[in-house]
*Asks:* 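Structure incoming, see below.
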Amino acid sequence: MERKRSEELYNEALNYFPGGVNSPVRAFKAVEGAPLFIKKGQGPHIWDEDGNKFIDFCCSFGPLILGHNHPDVHENITENLQNGTSFGAPTKLENELADIILSRNPFIDKIRFVSSGTEAVMSGIRLARGYTGKNKVIKFEGCYHGHVDSLLVKAGSGLATFGESSSAGVPDNVAADTIVIPLNDEQALEACFEKYKDELACAIIEPIPANNGLLLQEKSFLLKLRELCTANGVLLFFDEVISGFRVAFSGAAEYYDIAPDIVSYGKIIGGGLPVGAYGAKEHIMKSVSPDGPVYQAGTLSGNPVAMSAGIAQLSVCSQKGFYEDQEERTKMMVDHINSHASEKGYDFEIFTVGSIFWLAFSDKDAIRRADEIGSDMTPFKMLHKALLERGVYVGPSGYEVGFVSLVHSEEILKEASEKFCDALDEIFA
Ligand SMILES: *Cc1c(COP(=O)(O)O)cnc(C)c1O
């Protein structure tokens, strides 16, 4: 595969950006070679600057649930663009997107649009603290909530530890209000509530943890978390930036039928443009400025061009049968590859929920905690390379999940399954 042009562009980018990129995983540090510079996307395909064509399962790391350049999204953006790009004043497009969401979502009464998932989470945490008047936050090891200072922490050893920052530049006293415990561990959860219940503002979780492999939780664990939060006056914060509008229209809350107190959205909500949002019931959202004392603002919040992309995308997602169909097609591909791997006796399995899938090199039936993921990423590196050579693009890290979109047809998925099986045969040979 010719990668000359991508390599040239990457070398040029190294002069401009740290690591040559504007978001770290893009730098291909966890896999081989220089990052591919993408020129265009159409439907399920992307093309790089050297003209190589790939079936794309990265889908911009989640936002593109309708595939690349979906005609409805393209058209709505183009149409609204004629009126200008930003006003710093309300537009009817904000109402329109809010109505599409709120009329179908039983968990929140009000929403506030921001410009990224990180911003949504950061604002939601501030709201939880402002509403409860308490400071501590429970976070689960292996869950990613964007690059919010207080959430860039990992667990030390022990049952429940005060956060220790996993990034330079985060002061200890900021990380100290974050308590990190393992996923899917009811005992650790109970002990943590017992110890800190009077100081806790909220517990934040990816109800479908999908940023560190796909760590599907037992529903009983999520229910336990809901129960402990309710019993102790602690807000349950579902970070649905990846799972919202992905596993069901109203996200994992709908999928599991568990009501959170605060929710954050991002990725899919903006149709491929920068949008995030947080929402809650009326009595909680009343605390947000200008109604209440929790300040939060944004020059480009509710941007009309971004809103028009979200409106077009979510209108398609809200159609009947949309999610069932996504799940069915994804399952078809995953089953095909998994049966091939198990027939051949490979220690490899794809874990999946809805249209999310994760390539796991493991002999375990289920992986629910970050510390159960094997640390050797060599097999993933080999698979990534073998897939690229066959025209299949997946995110450049073994901890990233893949996504199937509306336009990954049965035919495309069959083609992709065969390429996956072929790539597995090569690397396990
Ligand atoms: C992607 C993601 C974020 C961060 O969103 P950005 O738009 O990248 O800032 C936060 N939480 C979860 C669960 C995510 O998947």
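Whatever order the structure lists them in is the order used to number ligands and atoms, beginning at 1.
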*Asks:* Restricting to non-hydrogen atoms, name the atom on G19 and the atom on A27 that form the minimum distance, rounded to 0.1 Å.
*Replies:*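 Where G19 meets A27 most closely, the heavy atoms are O-CB, 3.9 Å.
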*Asks:* With a cut-off of 6.0 Å (strictly less than), are more than 12 heavy atoms of other residues, nucleotides or ligands near CD of E328?
*Replies:* no
*Asks:* Does the plane of the ring in Y393 sit parallel, tilted or perpendicular to the ring in H384? Use 30° and 60° as the thresholds.
*Replies:*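 Perpendicular: the ring planes of Y393 and H384 meet at over 60°.
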*Asks:* Under 4.0 Å from a heavy atom of I242: give me the atoms of ligand 1 that qualify, with their elements.
*Replies:*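 By the 4.0 Å cutoff, the relevant atoms are 15 (O).
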*Asks:* In the protein, what heavy atom is nearest to atom 6 (P) of ligand 1, and what distance, to one decimal place, separates them?
*Replies:* G117 N, 3.5 Å
*Asks:* Give me the residue, atom name and distance of the protein heavy atom closest to atom 3 (C) of ligand 1.
*Replies:*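 Nearest protein contact, heavy atoms only, for atom 3 (C) of ligand 1 is V241 CG1, 3.7 Å.
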*Asks:* Report yes if some N/O of E206 lies less than 3.5 Å from some N/O of ligand 1; otherwise report no.
*Replies:*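 No, no N or O pair falls under 3.5 Å.
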*Asks:* Quick check on contacts: which atoms of ligand 1 are under 4.0 angstrom from a heavy atom of S116?
*Replies:*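 In order of numbering, the contacting atoms are 7 (O), 9 (O).
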*Asks:* Which ligand 1 atoms are under 4.0 Å away from a heavy-atom of H145?
*Replies:* 10 (C), 11 (N)
*Asks:* Any donor-acceptor pair under 3.5 Å linking the side chain of E327 with the backbone of E324?
*Replies:* no
*Asks:* How far is atom 11 (N) of ligand 1 from the closest protein heavy atom, and which atom is that?
*Replies:*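 Residue, atom and distance for the closest contact: D239 OD2, 2.7 Å.
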*Asks:* To the nearest 0.1 Å, how far is atom 9 (O) of ligand 1 from its closest protein heavy atom, and which atom is that?
*Replies:* T118 OG1, 2.6 Å
*Asks:* Report, in ascending order of atom number, the atoms of ligand 1 lying under 4.0 Å from any heavy atom of Y144.
*Replies:* 11 (N), 12 (C), 13 (C)
*Asks:* Checking contacts here: is it the side chain or the backbone of K267 that comes within 4.0 Å of ligand 1, counting heavy atoms only? Could be both or neither.
*Replies:*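 K267 to ligand 1: side-chain contact only, backbone stays beyond 4.0 Å.
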*Asks:* So S289 and Q296, do their side chains get closer than 4.5 Å, heavy atoms only?
*Replies:* no
*Asks:* Just distances here: any N/O of V121 and N/O of ligand 1 closer than 3.5 Å?
*Replies:*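 Checking ligand 1 against V121, no N or O pair falls under 3.5 Å apart.
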*Asks:* Looking at E240 and R246, is any side-chain nitrogen of the basic one under 4.0 Å from a carboxylate oxygen of the acidic one?
*Replies:*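 Result for this pair is no, no salt bridge flagged.
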*Asks:* How are the rings of Y323 and F249 set relative to one another: parallel (under 30°), tilted (30 to 60°) or perpendicular (over 60°)?
*Replies:*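 Judged by the thresholds at 30° and 60°, the geometry between Y323 and F249 is perpendicular.
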*Asks:* At less than 4.0 angstrom from any non-hydrogen atom of N211, what atoms of ligand 1 do you find?
*Replies:* 12 (C), 13 (C), 14 (C), 15 (O)
*Asks:* Looking at Y399 versus F380, is the centre-to-centre ring distance below 6.0 Å?
*Replies:*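 Y399 vs F380: aromatic centres not under 6.0 Å.
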